[in-house]
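Just the heavy atoms: all of them, side chains too, but no hydrogens, waters or symmetry mates, feed the values below. Naming: A, B, ... by sequence-line order, numbering from 1 per chain.
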Amino acid sequence: MQGEKAWKGTRWHTGVVDRSFFMPDALSVAPRLLGSILSVDSPQGLVGLRITETEAYLGVGSTGPYDPGSHSKDRKTARNASMFLPPGHAYVYFTYGMHFALNLVCSQEHVASGVLIRSGQIVQGLDLARERRHAKQSTRSASNYVKDAQLARGPGNLAAAMGITRESHDGLDLLAEPFHIVQSGVAESDIARGPRVGVAGVAGGPAYPWRFWLKGDPTVSAFRPGRDAPVPPGKPRG
DNA sequence: CGTGTGATCTCCT
DNA sequence: GGAGATCACACGC
């Protein structure tokens, strides 16, 4: 971090993040990531994202409460191994036989916690992002064409738009190529907080308000309660 | 606009 | 065998 901004009495840091940015854990990092720019480079070009929605997940060794919704809630496995890397690494997983999702690993090495990047606004490489998303669609007519605000709305769409896969990005250092992260925080009054999307059981309920998003931003995904989550269906939303 | 379904990976029962 | 940190499509009201 190298600067400071202030607006209406709120001040926040700006600049390229360092490893300490990802400490002490995902719960403190998740809201701080909102508004920040995450870029991913590739042979096809660079795509830049302004982060608008995040979720925190804790795991083995974390100081906070036990998180039944986390991939690393109990132990290290082949899939979640990257969550145990030092802060500032990428954890990319494949799910539902279809989608990739990007997490930014927090906490010291051997302690598992991560921030799921759920949604954002594409601010660089719009054409490339469109190309990747449209290529993933089975059909594409004028009527179902993906709107720009939806290019990176939801973790699966976001990973697709940024060209992120488990094979090519899981376990990589976020402070080196092809990643680039610049913090540009937002006023606290613009941040909303609530239960996580699609997380089963109590971990998806009000006891775990670990989802953060920018109020009123059109790129934020819709809320959907998880199976058996103690949340009235179809209530809160971005 | 709401609900059901298929895609078929990784882990756990 | 079943569910999951998902998404887009098909259908019915």
S.K.: Classify the ring geometry of A:W210 against A:Y208: parallel below 30°, tilted from 30° to 60°, perpendicular beyond 60°.
M.R.: perpendicular

S.K.: Considering heavy-atom distances to DNA chain C, does A:Y96 or A:P155 have its closest nucleotide positioned more toward the 5' end?
M.R.: A:Y96

S.K.: Do the side-chain N or O atoms of A:R224 get closer than 4.0 angstrom to the phosphate oxygens (OP1, OP2) of C:dC7?
M.R.: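 Result: no.
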
S.K.: Side chain of A:H71 only, please: which of C:dA8, C:dA5, C:dT6 is the nearest?
M.R.: C:dA5

S.K.: Between A:D74 and A:T95, just flag the one whose closest nucleotide in DNA chain B comes earlier from the 5' side.
M.R.: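 Final value for this comparison: A:T95.
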
S.K.: Within residues 47-68 of chain A, which residues have any heavy atom lying less than 4.0 Å from an atom of DNA chain C?
M.R.: A:Y57

S.K.: May I ask you to evaluate whether A:R118 reaches the phosphate of C:dA5, defined as a side-chain N or O under 4.0 Å from OP1 or OP2?
M.R.: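 So the side chain of A:R118 is outside the cut-off, no N or O lying under 4.0 Å from OP1 or OP2 of C:dA5.
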
S.K.: Select base, sugar-phosphate, or nothing to describe what A:R196 touches, counting heavy atoms under 4.0 Å on all strands.
M.R.: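 The answer is nothing, as A:R196 stays clear of every strand by at least 4.0 Å.
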
S.K.: Once you apply the 3.5 Å cut-off to both distances, tell me the Watson-Crick or G-U wobble partner of C:dA5, or none.
M.R.: none

S.K.: Verify the distance criterion only: is there a donor paired with an acceptor across the side chains of A:Y57 and A:D25 at less than 3.5 Å?
M.R.: no

S.K.: Please examine the side chains of A:N103 and A:V92, heavy atoms only from C-beta on, and report whether any two atoms are closer than 4.5 Å.
M.R.: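 No. Closest side-chain heavy atoms not under 4.5 Å.
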
S.K.: Atom CZ of A:R227 to atom C1' of C:dG2: distance rounded to whole Å?
M.R.: 9 Å

S.K.: Whole-Å distance between C:dA5 P and A:M98 CE?
M.R.: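 It works out to 18 Å between those atoms.
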
S.K.: With a 4.0 Å cut-off on heavy atoms, is A:G69 in touch with a base, just the backbone sugar-phosphate, or nothing at all?
M.R.: base

S.K.: Could you measure between the two P atoms, the one in C:dA3 and the one in B:dG4, and give it in whole Å?
M.R.: 15 Å

S.K.: With rounding to the closest Å, how many angstrom separate the P atoms on B:dT5 and C:dG2?
M.R.: 15 Å

S.K.: Atom CG of A:L104 to atom C1' of C:dA5: distance rounded to whole Å?
M.R.: 14 Å

S.K.: To the nearest Å, how far apart are A:Q150 CD and C:dC7 C1'?
M.R.: 12 Å

S.K.: Whole-Å distance between C:dC7 C1' and A:R133 CZ?
M.R.: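 My rounded result for the distance is 9 Å.
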
S.K.: Show every ring-ring contact (aromatic ring centres under 6.0 Å, His included) that has at least one partner inside residues 148-175 of chain A, sequence neighbours left out.
M.R.: A:H169-A:F179

S.K.: Need one value for A:A101: base, sugar-phosphate or nothing, where a base atom within 4.0 Å counts as base even if backbone is also close, heavy atoms only.
M.R.: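 Touches nothing.
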
S.K.: What heavy-atom pair brings A:P24 and A:S107 nearest, and what distance separates the two atoms?
M.R.: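 Smallest interatomic distance, heavy atoms only, reads O-OG, 2.8 Å.
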
S.K.: With a 4.5 Å cut-off on side-chain heavy-atom distances among I, L, V, M, F, W and Y, is there a chain of contacts connecting A:L85 to A:L38?
M.R.: no

S.K.: Centroid separation under 6.0 Å, is that true for the rings of A:H71 and A:Y93?
M.R.: yes

S.K.: Whether the A:R153 and A:S119 side chains hold a donor-acceptor pair (N or O, under 3.5 Å, no angle test) is what I'd like checked.
M.R.: no

S.K.: Give none if B:dT8 has no partner; otherwise give the nucleotide forming a Watson-Crick or G-U wobble pair with it, both distances under 3.5 Å.
M.R.: none

S.K.: With a non-hydrogen cut-off below 4.0 angstrom, is A:A203 in contact with a base, only sugar-phosphate, or nothing?
M.R.: nothing

S.K.: Over how many whole Å does the gap from A:L158 atom CG to C:dA5 atom P extend?
M.R.: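 About 18 Å, once rounded to whole Å.
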
S.K.: Considering only heavy atoms of chain A and a distance under 4.0 Å, specify the first and last nucleotide of DNA chain B in 5' to 3' order that meet this criterion.
M.R.: B:dA7 to B:dC12

S.K.: Applying side-chain contact (heavy atoms from CB on, under 4.5 Å) between A:I117 and each of A:I164, A:L33, A:T52, report the one that passes.
M.R.: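 Looking at A:I164, A:L33, A:T52, the match for A:I117 under the side-chain contact (heavy atoms from CB on, under 4.5 Å) is A:L33.
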
S.K.: Flag the pair A:V47 / A:Q124 as yes when at least one side-chain heavy-atom distance between them is below 4.5 Å, and no otherwise.
M.R.: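 The answer is no; the side chains never approach within 4.5 Å.
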
S.K.: Once you round it to whole Å, what is the distance between P of C:dT6 and CG of A:N103?
M.R.: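 Going from CG in A:N103 over to P in C:dT6 covers 11 Å.
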
S.K.: Please tell me whether A:S42 and A:R132 have a donor and an acceptor in their side chains that are separated by less than 3.5 angstrom.
M.R.: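 A:R132 and A:S42 do have a side-chain donor-acceptor pair below 3.5 Å.
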
S.K.: How long is the line joining NE2 of A:H99 and P of C:dC9, in whole Å?
M.R.: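 One finds 11 Å between P of C:dC9 and NE2 of A:H99, rounded.
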
